[in-house]
Number of protein chains: 2
Amino acid sequence: MNIGTAAEESGVPAKTIRYYESIGLIPPARRAENGYRDYSGFDIETLKFIQRTRKLGFSVKDVGGLLQLWRDKERTSASVKALALRHIDEVEQRIGELQSIRQTLIDLTDRCHGDDRPDCPILDEFAQVPNEARD
Amino acid sequence: MNIGTAAEESGVPAKTIRYYESIGLIPPARRAENGYRDYSGFDIETLKFIQRTRKLGFSVKDVGGLLQLWRDKERTSASVKALALRHIDEVEQRIGELQSIRQTLIDLTDRCHGDDRPDCPILDEFAQVPNEARD
DNA sequence: CTTGACCTTCCAGTCACTGGAACCCCATAT
DNA sequence: ATATGGGGTTCCAGTGACTGGAAGGTCAAG
């Protein structure tokens, strides 16, 4: 199977497959006689695995770890769960930050009339003291 | 004021101030006789403005836009509000994505016993069909 | 006069791709 | 036979927003 077909089947762009090979996330592909990369059904499964974990926000490094655990039939489920739980922590951390940002922005935009006049509480807030010096 | 002091006062690292200058987000700093960058209180205000908007997740490009609006006394509050509302949309979008990721990961980890045995629903899910083919 | 803490520039690395140039290969239509 | 179009190959550069580090100049204190 050529890289284009592998890309289609796995959902990972051809360019990205080559990139994953170049950084060692996947082993170098077998080559056909003409020099083209040649992929098997198993390779596609690996690419799909990568695709799914990437979509769940795991870093490429973590995906590498997950791939190793996947291949290692002696792994403990605890080691996998630990990696996943750590990632959940990071995601929740980020959600919290974004929610705080969101609330601040909503407070600001609520106070801005948003018309033709130049005076704007949003810019005022960006320009003035952050919060506590208003007391 | 030297760059180190400006960094301290504004909260923007010296390295980052130079970077902002290099990409044109801020104009080239005045130079003292020894060639050192020299910052004024007004420069510090600008850096603080940048710091605050960056912390609210605006891209450097958007921060540039906000700086222009800030300097332009003829701007309309509507233009500022529009930029902010657009950013709120992006933030909410991202929060939604992360919440969906979080839920998926929690569902997965809940089903994983996390002990010494190798069988693990998390890896199974990453390896198997995504969702719909389970039906 | 030396030490250490500043400052300067410039280049490289991060993360995870993505775009593009320049080239090769292959099947089909003319 | 050949032109065309669509694969594939490599390698280099760019993205965003910094950050680290090397190599060197400057300055105040001991």
Side-chain angles (χ1 to χ4, degrees), chain A residues 1-26 28-40 43-44 46-67 87 90-91 93-94 97-98 101, chain B residues 1-26 28-40 43-44 46-47 49-67 87 90-91 94 97-98 101:
Chain A
M1 193 188 306
N2 282 350
I3 198 170
T5 316
E8 215 174 320
E9 302 252 316
S10 68
V12 181
K15 206 107 207 195
T16 306
I17 298 177
R18 286 192 203 99
Y19 167 72
Y20 285 159
E21 183 181 312
S22 83
I23 61 168
L25 181 63
I26 51 177
R30 248 181 331 283
R31 297 301 179 121
E33 289 191 3
N34 56 14
Y36 287 13
R37 286 175 181 80
D38 184 31
Y39 296 94
S40 68
D43 294 331
I44 303 304
T46 303
L47 287 169
K48 283 185 183 171
F49 182 103
I50 293 172
Q51 179 77 340
R52 285 177 203 128
T53 49
R54 286 289 300 132
K55 285 208 166 160
L56 287 173
F58 287 95
S59 69
V60 167
K61 190 157 170 288
D62 278 354
V63 171
L66 288 167
L67 276 174
H87 185 46
E90 290 164 10
V91 169
Q93 175 89 30
R94 186 72 190 127
E97 289 167 10
L98 288 176
I101 285 173
Chain B
M1 191 187 312
N2 282 351
I3 199 169
T5 317
E8 214 173 322
E9 302 252 317
S10 66
V12 181
K15 206 116 206 191
T16 306
I17 298 176
R18 288 192 202 98
Y19 167 72
Y20 285 159
E21 184 181 312
S22 82
I23 60 167
L25 181 64
I26 51 176
R30 246 180 332 281
R31 297 299 181 124
E33 289 191 5
N34 56 13
Y36 287 14
R37 286 176 182 80
D38 186 30
Y39 296 93
S40 69
D43 295 330
I44 303 303
T46 302
L47 287 170
F49 182 102
I50 294 171
Q51 178 77 341
R52 286 175 204 129
T53 49
R54 285 290 299 134
K55 285 208 167 162
L56 288 174
F58 287 96
S59 69
V60 166
K61 191 160 169 285
D62 277 354
V63 171
L66 287 167
L67 276 173
H87 185 46
E90 290 163 10
V91 169
R94 186 74 189 126
E97 289 166 9
L98 289 176
I101 285 173

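Naming: A, B, ... by sequence-line order, numbering from 1 per chain.
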Seminar exercise, completed: Heavy-atom contacts, protein to nucleotides 22-27 of chain C, under 4.0 Å, summarised as B (base), S (sugar-phosphate only) or - (none) per nt, yield ---BS-
Exercise. Any salt bridge (charged side-chain N to carboxylate O under 4.0 Å, His left out) pairs touching residues 10-20 of chain B, not counting sequence neighbours?
Worked result: none
Problem set entry | For Phe58(A), side chain to side chain contact (heavy atoms under 4.5 Å, CB included) partners two or more places apart | Thr53(A), Leu56(A), Asp62(A), Val63(A), Leu66(A), Leu83(A), His87(A), Leu105(B), Phe126(B)
Problem set entry | Test salt bridge (Lys or Arg N to Asp or Glu O under 4.0 Å) applied to Glu97(A) - qualifying residues, sequence neighbours left out | Arg94(A)
Under-3.5 Å N/O pairs linking protein and nucleotides 16-18 of chain C:
unit_1	atom_1	unit_2	atom_2	d
dA16(C)	OP1	Val60(A)	N	3.3
dA16(C)	O3'	Arg54(A)	NH2	3.3
dA16(C)	N7	Tyr19(A)	OH	3.4
dC17(C)	OP2	Tyr20(A)	OH	2.6
dC17(C)	OP2	Arg54(A)	NE	2.8
dC17(C)	OP2	Arg54(A)	NH2	3.4
dT18(C)	OP2	Thr16(A)	OG1	3.3

For this session: Give the minimum heavy-atom separation between Leu25(A) and Leu67(A), together with the two atoms involved.
Result: O-CD1, 3.8 Å
Problem set entry | Rounded distance (Å) that lies between atom P of dC6(C) and atom CE of Met1(B) | 16 Å
For this session: Would you please name every residue forming a side chain to side chain contact (heavy atoms under 4.5 Å, CB included) with Thr16(A), sequence neighbours left out?
Result: Val12(A), Pro13(A), Tyr20(A)
Seminar exercise, completed: On a heavy-atom basis, the closest approach of Ala7(B) and Ala14(B) is CB-N, 3.5 Å
Exercise. Base, sugar-phosphate, or nothing: which does Ile23(B) touch, judged by heavy atoms less than 4.0 Å apart?
Worked result: nothing
Seminar exercise, completed: Footprint ends on DNA chain D, 5' to 3', for atoms under 4.0 angstrom from a heavy atom of chain A, come out as dG7(D) to dT10(D)
Problem set entry | Distance, nearest 0.5 Å, that separates CD of Glu8(B) from CD1 of Ile44(B) | 10.5 Å
For this session: Quick one: pull up OG1 in Thr46(B) and CD1 in Ile17(B) and give me the separation to the nearest 0.5 Å.
Result: 11.0 Å
Without placing hydrogens or testing angles, list every side-chain donor-acceptor pair under 3.5 Å for residues 29-39 of chain A, not counting sequence neighbours.
unit_1	atom_1	unit_2	atom_2	d
Arg30(A)	NH2	Asp38(A)	O	3.3
Arg30(A)	NH2	Asp43(A)	OD2	3.2
Arg31(A)	NH1	Gly35(A)	O	2.9
Asn34(A)	OD1	Tyr36(A)	N	2.9
Arg37(A)	NE	Glu21(A)	OE1	3.0
Asp38(A)	OD1	Met1(A)	N	2.5

For this session: Please identify each residue that fulfils salt bridge (Lys or Arg N to Asp or Glu O under 4.0 Å) with Glu90(B), with sequence neighbours left out.
Result: Arg86(B)
Exercise. Which is true for Arg37(B) with a 4.0 Å heavy-atom rule: it touches a base, it touches only sugar-phosphate, or it touches nothing?
Worked result: sugar-phosphate
For this session: Take the C1' atoms of the five end pairs on each side of the helix from dC1(C)-dG30(D) to dT30(C)-dA1(D), get both axes, and report the angle to 10 degrees.
Result: 30°
Seminar exercise, completed: Rounded to the nearest 0.5 Å, the CG atom of Leu47(A) sits from the CD1 atom of Ile26(A) at a distance of 5.0 Å
